[in-house]
2 protein chains.
Amino acid sequence: MIESKLTKNQSMVHTCLTQENGPMTAYAILDALREKGFRAPLQVYRALEKLTELKLVHRLESMSAFVACQHGTCEHSGAAVFAICDTCGTVAEFAAADVSKSLESHVKENGFVLKKTTIELRGECRQCYAV
Amino acid sequence: MIESKLTKNQSMVHTCLTQENGPMTAYAILDALREKGFRAPLQVYRALEKLTELKLVHRLESMSAFVACQHGTCEHSGAAVFAICDTCGTVAEFAAADVSKSLESHVKENGFVLKKTTIELRGECRQCYAV
DNA sequence: ATATGTAATGTAATAACATAACATACGAGA
DNA sequence: TCTCGTATGTTATGTTATTACATTACATAT
Ligand SMILES: [Zn+2]
Ligand SMILES: [Zn+2]
Ligand SMILES: [Zn+2]
Ligand SMILES: [Zn+2]
């Protein structure tokens with residue numbers, strides 16, 4: 001398991017995010033971990049940086065928040081897509097290989113070397129819409 | 001022309017972004033417009049809010065910056081895609097109808113009501129890669 | 001055991017991005 | 001004129017992220 005390689009702080013942040021089962025801001029994580037000794041934003045940001053690198057955690061750019069990968073360690077075929085409910089805040093993560101392929105081909109026409117893809121969908125989930 | 005409906009502040013911000021021909025943060029815009037009387041962030045943010053609503057300007061979530069729509073007033077068929085060069089900062093905006101279609105169908109399977117799509121590609125443009 | 005090197009962590013200060021709250025101006029219609 | 005909505009101005013505050021530097025923990029070499 002990749003998690004076994006995590007340091008103490010990284011592990012605490014990852015556990016926190018996993019238990020939350022939804023997106024948290026860095027400062028929300030900090031507050032949640034104060035009782036366990038966290039004192040400063042940087043402790044959270046450093047852990048998040050590593051976790052993101054390992055793809056155990058994803059950053060949601062459109063809400064400046066972080067969420068645990070819903071596939072454990074994320075080996076999607078293609079980029080991850082996030083559907084974010086603006087009403088209840090839940091996030092659904094899925095892979096869309098066709099989308100990634102299409103974007104790559106669009107971009108290669110222009111000689112653009114793609115390194116990272118961000119796809120975030122904002123809207124309302126089924127449950128919230130039903131209400 | 002839609003621009004004729006803009007207020008003074010909105011117009012100044014739009015002109016600023018258009019002349020820059022690339023992304024600017026709100027505070028960079030503020031600094032650029034200080035000589036023309038801007039004093040506070042809110043003046044910029046209010047203008048940006050309206051311009052974004054009119055799709056004359058797009059917000060780049062992954063860099064907390066704003067860029068003038070490269071299609072004037074943006075009526076893409078489907079969501080806009082931004083290819084951002086991490087080296088030189090240039091942004092290429094294009095439409096990808098197939099991508100939008102695919103994302104919509106993915107999402108509708110789950111009863112998610114899509115309201116806004118963010119697609120941002122980070123990497124290196126042809127010029128920078130050649131060097 | 002001691003020294004050295006390196007990765008991780010701790011801490012404070014500050015930068016960068018964004019909004020709240022309230023005051024004022026000003027034109028379009030009743 | 002009066003009133004209402006929209007735009008603007010101003011100050012303060014809130015939120016997110018990074019810089020800079022000090023310290024600790026741990027592995028390895030002498
Ligand atoms: Zn994932
Ligand atoms: Zn919901
Ligand atoms: Zn556009
Ligand atoms: Zn470039």
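Residue numbers begin at 1 in each chain, while the letters A, B, ... track the order of the sequences. These figures come from a predicted structure and were not determined experimentally.
Residue contacts shown for A/Arg46 include a base, since a base heavy atom lies under 4.0 Å away.
Looking at heavy atoms from C-beta onward, A/Asn21 lies out of side-chain contact with A/Thr90 at the 4.5 angstrom threshold. For the pair B/Leu51 and B/Leu6, the minimum side-chain heavy-atom distance is below 4.5 Å. Looking only at side-chain heavy atoms (C-beta outward), B/Arg126 and A/Phe112 stay at 4.5 Å or farther from each other. The shortest side-chain heavy-atom distance between B/Cys69 and B/Leu56 does not fall under the 4.5 Å cut-off. Side-chain contact check for A/Val57 versus A/Val13: every heavy-atom pair is 4.5 Å or farther apart.
Listed nucleotides: C/dT19, C/dT11, D/dG9. Nearest to the side chain of B/Pro41: C/dT19. In the set C/dA18, D/dT8, D/dA17, the nucleotide with an atom closest to the side chain of A/Tyr45 is D/dA17. When each of C/dA8, D/dT18, D/dT10 is scored by its nearest atom to the side-chain atoms of A/Thr7, the top-ranked nucleotide is C/dA8. The listed nucleotides are D/dG9, C/dT19, D/dA17; the one nearest the side chain of A/Arg59 is D/dA17. Closest approach to the A/Ala26 side chain among D/dA17, D/dT8, C/dT19 is made by D/dA17 (side chain taken as heavy atoms from C-beta onward). Taking the side chain of A/Phe66 as heavy atoms from C-beta on, and the options D/dG9, D/dA17, D/dT10, the nearest nucleotide is D/dA17.
Put simply, CZ on A/Arg39 is 16 Å from P on D/dT23, counting in whole angstrom units. Per the geometry, CE belonging to B/Met12 stands 8 Å off P belonging to D/dT8, to the nearest Å. Here C/dC22 presents its P atom at 14 Å from CG of B/Leu42, a figure rounded to the nearest Å. Following rounding to the nearest Å, B/Leu30 (CG) and C/dT19 (P) show an atom-to-atom distance of 15 Å. Between the NZ atom of B/Lys36 and the P atom of D/dG9 there is a distance of 15 Å, given to the nearest Å. As a whole-Å value, the separation of B/Glu49 CD from C/dA20 P is 10 Å. Atom NZ of A/Lys8 is separated from atom P of C/dA8 by 14 Å (rounded to the nearest Å). Per the geometry, CG belonging to B/Leu6 stands 16 Å off P belonging to D/dT6, to the nearest Å.
Each end of the helix from C/dA1-D/dT30 to C/dA30-D/dT1 gets its own axis from five base pairs, and the two axes differ in direction by 10°, given to 10 degrees.
Residue B/Tyr27 places a side-chain atom within donor-acceptor reach of the base of C/dA18, judged by atom type and a 3.5 Å distance cut-off alone.
By the 4.0 Å N-to-carboxylate-O rule, B/Lys50 lies close enough to B/Glu53 to be salt-bridged with it. With salt bridges taken as basic N to acidic carboxylate O contacts below 4.0 Å, none links A/Glu104 and A/Lys101.
Ring geometry for B/Phe94 against A/His106 counts as parallel: the plane angle stays under 30°, on a 0 to 90° scale with 60° as the upper cut.
Checking the phosphate oxygens (OP1, OP2) of D/dT16, no side-chain nitrogen or oxygen of A/Ser64 falls inside 4.0 Å. Taking 4.0 angstrom as the limit, A/Gln43 places none of its side-chain polar atoms (N or O) nearer than this to OP1 or OP2 of C/dT9.
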Could you pull out the protein-nucleic contacts involving nucleotides 3-5 of chain D (nitrogen or oxygen on both sides, under 3.5 Å)?
none

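B/His58 has its ring centre no less than 6.0 Å from the ring centre of B/Phe66.
Here B/Glu61 pairs with B/Arg59 under the salt bridge (Lys or Arg N to Asp or Glu O under 4.0 Å) rule; sequence neighbours left out.
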